[in-house]
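First the structure, in the form of structure tokens, and then the observations on it.
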Amino acid sequence: MSHFDWLSELLARYQDEHILVRRGAATALAPAHLLEIDPEDWGRAAQVAAGYACRWAGVWAEQRDAELMVTAALARDGDHLLLRTQVPLSTPLLPSHTQYYPGADRMERHVQNMHGLVFSDHPDPRRWSRHNRWAADSYPLRKEFAVGSAPLPAAPEQDYPFIQTQGAGAYEIPVGPVHAGIIEPGHFRFQAVGETVLNLEQRLGYVHKGIEKIAEGRDAQGLARLAGRVSGDSTVHYAWSACMAMERAAHLAVPPRAQALRAVLAERERIHNHLGDIGAICNDVAFTFAWQQFARLRELWLRDNAACFGHRMLMDCIVPGGLATDPSAAQIAQLRAAIDPLRRELAALYPILDDHPSLEDRLATTGVLSAEQAQRLGCLGYVGKASGQDHDLRRDHPYAPYDRLHVSSPLFTTGDVAARMQVRMQEILDSLELLVVLLDTLPDGAVQVPWQAPAAGSEGIGLVEGWRGEILSYVRFGSDGRIARYFPRDPSWFNWPALELLIHGNIVPDFPVCNKSVNGSYSGHDL
Amino acid sequence: MLRILNKIRQTGLITEDLPREPVLEQVGAQLRAGIARQFQGSLAIRQVDAGSCNACELEIHALNNGYYDIERFGVHFVASPRHADVLLVTGPVSVHMETALLRTWEATPAPKLVIAAGDCAACGGEFGCSYASRGAVSNVIPVDAVIPGCPPTPLALMQGILQALQTS
Ligand code: SF4
């Protein structure tokens with residue numbers, strides 16, 4: 001099967017629906033395919049795509065003089081199709097995609113809050129990223145909004161109209177934004193009867209740091225540093241995705257050794273996060289043995305990161321044009337030597353997890369997300385793979401160096417906490433397999449080429465399979481090699497709403513383990 | 001069950017001595033003494049993410065793994081600020097977390113120590129001050145000590161907590 005062999009059928013359907021498509025710049029954002037359409041066709045274009053098994057993968061806008069340029073991403077079989085249109089700032093109106101794609105709900109409200117673009121038939125009129133600290137009629141990503149604008153006076157986020165429940169015995173539990181553990185802040189509103197959760201509503205946006213705005217005007221190196229801090233647990237994948245977008249915009253080829261080492265960093269990041277999550281899931285059902293064992297393995301893994309790349313979390317290792325440092329032969333050997341001991345440890349630990357009765361009792365059939373729900377939301381990563389959504393960019397649309405590797409990806413259909421843990425367990429083994437090949441066939445040569453800023457207006461897209469799922473980054477350059485627009489889309493945008501669904505009918509005390517099994521990024525989502 | 005016990009036996013005790021640095025050993029001893037003197041042997045920390053990128057949290061978590069096992073010094077993390085002696089705050093303070101941070105600080109009984117952990121908490125870091133970020137924690141609540149690093153390693157966090165006590 002070759003890439004985009006589904007596209008002609010979609011274009012034929014667009015033609016049947018009289019959706020006018022301009023293909024002038026189709027390859028400007030390769031490997032994605034770009035289509036320009038009229039604003040009035042925006043909603044129907046999504047409707048047709050939804051009927052043709054395309055998944056919805058994001059929307060972002062940018063002010064261009066007196067217009068807003070809006071781009072939405074759709075995907076099928078690992079190929080990304082970008083729809084683009086322009087609306088005048090004087091009447092910034094566009095049909096919403098949410099009725100065809102429920103996963104679009106929050107991101108459209110984000111665009112609405114940040115740019116003042118109104119999705120006219122959006123089913124939810126409430127604000128999302130704005131928490132009453134900037135005025136309802138000012139929009140941080142508009143050009144006239146100064147990055148240093150003083151916030152409105154501090155006030156608690158009290159007037160957000162949560163869904164209400166009424167009836168005998170129904171009660172509410174508000175949780176957060178400051179949570180009981182060492183985790184990120186966000187607000188959860190439960191409605192329960194007895195121990196059973198009737199409804200959960202999330203209110204996020206507490207760690208909104210203005211990342212999209214402060215990215216403007218940075219140079220390429222500065223953007224890579226910022227990207228590495230959008231969601232710190234995914235620093236490698238964010239930096240890779242941003243650099244990939246910039247390098248594509250600049251038509252810069254990264255040396256093969258750097259490509260291979262980027263994948264080494266990425267698979268190491270996947271492994272340390274999965275190790276941590278497996279332990280934490282077990283800890284949330286009081287199986288502390290596993291928590292301590294997996295925390296131990298993770299610590300050893302991070303120490304190897306520090307020894308070989310100079311940073312435990314691998315921050316700032318990926319830079320525009322390649323890698324910041326080139327590990328020595330001895331360091332490569334150390335990374336290679338760490339693989340078999342970890343495999344042996346896992347071979348001893350996995351059977352314990354697999355047939356420990358108290359784990360099975362708490363994890364199996366808990367927090368079930370059906371395949372249909374996951375598909376409608378466009379769930380990614382282990383959340384999708386546990387519920388029958390077989391997406392993995394490394395296999396479906398491989399980028400270097402995965403194009404020369406065999407990537408396998410686990411798939412489960414039970415959609416419960418146990419399945420989300422099992423995806424992680426299998427992915428660790430698969431990543432170790434990839435690391436063996438990557439380290440044994442590591443090309444020689446340079447790890448960096450000098451960065452050359454592209455001409456003003458150049459744009460690029462970066463797509464990588466992070467440990468939480470696909471990360472999409474869009475970059476457009478302004479003059480002097482400065483960033484005009486950066487938008488990174490975290491997979492958590494689609495996985496957070498899944499948590500609201502999968503908790504239905506579960507007991508309140510199972511919320512922590514359900515939440516951990518999804519492990520959405522607050523920072524990556526709140527931007 | 002036997003497998004579990006076997007694995008525990010094979011793993012043995014992994015908790016490490018602090019590096020053989022005279023300064024740190026001294027601080028380690030002083031920490032225990034300081035916690036004994038000032039906090040009856042038990043120091044309760046409430047961690048507050050006020051806008052971090054979440055990597056600082058990963059390293060704070062690591063303090064509880066077997067290698068560092070910070071509880072052996074009498075340091076433990078608590079769920080409520082009302083039980084806390086110390087607030088360990090990470091991140092630049094996002095404007096949206098400002099009120100929550102202030103309320104958490106107000107809910108913490110005096111005397112209370114505030115430690116700003118990580119470059120963001122210390123000075124705003126990569127995010128600085130903007131419409132969405134108040135930058136350093138000290139722009140919002142009084143700070144007693146800062147721990148630099150992006151993120152600070154578990155060892156740096158331990159040292160920082162020890163030193164914060166020493167200077168308090
Ligand atoms: S100091 Fe670094 S690791 Fe910590 S929150 Fe800031 S950017 Fe993230």
Side-chain angles (χ1 to χ4, degrees), chain A residues 131 133-134 140 145-151 154-157 176-185 205-211 213-214 225-226 228-233 235 273 276 280 289 292-293 295-296 298-300 302 306 312-313 315-316 348-349 351-352 356 521-524 526, chain B residues 1 3-4 6-8 10-11 14 45-68 77-81 88 90-92 94-104 107 120 125-134 140 150-151 153-154:
Chain A
H131 281 211
R133 297 297 305 270
W134 69 82
F145 188 103
V147 62
S149 304
E157 169 70 355
V178 178
H179 294 184
I182 304 171
I183 57 169
E184 298 182 79
Y206 285 92
V207 292
H208 175 79
K209 294 184 276 291
I211 286 173
K213 187 76 173 179
I214 63 174
R225 273 199 314 279
L226 182 65
R229 287 159 180 80
V230 173
S231 180
D233 51 20
T235 180
N273 280 289
F289 161 79
Q292 280 298 340
Q293 291 288 344
R296 174 176 68 85
R298 180 170 177 277
E299 175 68 23
L300 294 173
L302 295 185
R312 285 165 54 93
M313 302 283 160
M315 271 182 177
D316 304 324
L349 287 170
I352 296 175
H356 196 70
S521 170
Y522 297 73
S523 188
D526 294 355
Chain B
M1 197 62 211
R3 277 188 311 207
I4 296 179
N6 255 332
K7 186 71 195 164
I8 293 173
Q10 283 162 7
T11 305
I14 58 170
I45 298 186
R46 169 66 249 201
Q47 194 267 336
V48 185
D49 173 344
S52 113
C53 78
N54 78 25
C56 274
E57 277 58 45
L58 292 183
E59 291 295 51
I60 294 171
H61 260 292
L63 289 173
N64 283 317
N65 78 35
Y67 288 96
Y68 304 102
F77 289 90
V78 292
S80 169
L88 184 67
T90 61
S94 74
V95 162
H96 293 171
M97 274 304 287
E98 190 175 357
T99 308
L101 176 63
L102 268 168
R103 287 180 158 191
T104 306
C120 289
E126 202 59 42
F127 304 100
C129 289
S130 73
Y131 78 94
S133 167
R134 299 290 320 275
V140 178
C150 182
T153 62

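All values below were derived from every heavy atom in this structure, side-chain atoms included, with hydrogens, water molecules and symmetry-related copies excluded. Naming: A, B, ... by sequence-line order, numbering from 1 per chain.
Relative orientation of the B:Tyr131 and A:Trp134 rings is perpendicular, given thresholds of 30° and 60° on the angle between their planes.
Taking chain B as the reference chain and counting heavy-atom pairs below 4.5 Å, the highest number among A:Ser231, A:Gly148, A:Ala150 is found for A:Ser231. Among the candidates A:Ala180, A:Ser523, A:Ala306, the residue making the largest number of heavy-atom pairs closer than 4.5 Å to chain B is A:Ala180. The residue among A:Gly524, A:Pro351, A:Ala280 with the most heavy atom pairs within less than 4.5 Å of chain B is A:Pro351. The residue among B:Arg103, B:Glu59, B:Glu57, B:Gln10 with the most heavy atom pairs within less than 4.5 Å of chain A is B:Glu59. Considering only heavy-atom pairs separated by less than 4.5 Å from chain A, the leading option among B:Ser80, B:Ala55, B:Cys53 is B:Cys53. Top candidate by heavy-atom pairs under 4.5 Å with chain A, chosen from B:Val48, B:Leu101, B:Thr90, B:Ile8, is B:Ile8. Between chain A and the residues B:Thr11, B:Thr104, B:Ile60, the largest count of heavy-atom pairs under 4.5 Å involves B:Thr11.
Across A:Ile211 and A:Arg229, no two heavy atoms sit closer than the pair CD1-O, 4.5 Å.
For B:Asn64, the parts lying near chain A are the backbone and the side chain together; criterion is any non-hydrogen pair under 4.5 Å. Heavy-atom distances place the side chain of A:Ile214, and not its backbone, under 4.5 Å from chain B. The parts of B:Pro151 that come within reach of chain A are both its backbone and its side chain, each placing non-hydrogen atoms under 4.5 angstrom from that chain. Using a 4.5 Å cut-off between heavy atoms, A:His356 contacts chain B through its side chain alone, with no backbone atom that close. With a 4.5 angstrom heavy-atom cutoff, B:Cys56 does not touch chain A via any of its atoms. Of the two parts of A:Arg296, the backbone and the side chain both hold a non-hydrogen atom closer than 4.5 Å to a non-hydrogen atom of chain B.
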With side chain to side chain donor-acceptor pair (under 3.5 Å) as the test, would you mind laying out the steps for A:Asp233 and A:Asn273 before giving the verdict?
-> CA-CA 7 Å; A:Asp233 51 20; A:Asn273 280 289; 5.7 Å; no
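In this structure, A:Arg298 and B:Asn65 have side chains that are not in contact, with every pair of non-hydrogen atoms separated by 4.5 Å or more.
A centroid separation of 6.0 Å or more is found between the aromatic rings of A:Tyr522 and A:Tyr206. Not less than 6.0 angstrom separates the ring centroid of B:Phe77 from the ring centroid of B:His61.
By the ring-ring contact (aromatic ring centres under 6.0 Å, His included) test, B:Phe127 is found to be paired with no residue, residues two or more places apart in sequence or in another chain being considered. In this structure, A:Glu184 has no salt bridge (Lys or Arg N to Asp or Glu O under 4.0 Å) partners at least two apart in sequence or on a different chain.
Residues B:Ser130 and A:Lys209 bring no donor and acceptor atom of their side chains to less than 3.5 Å of each other.
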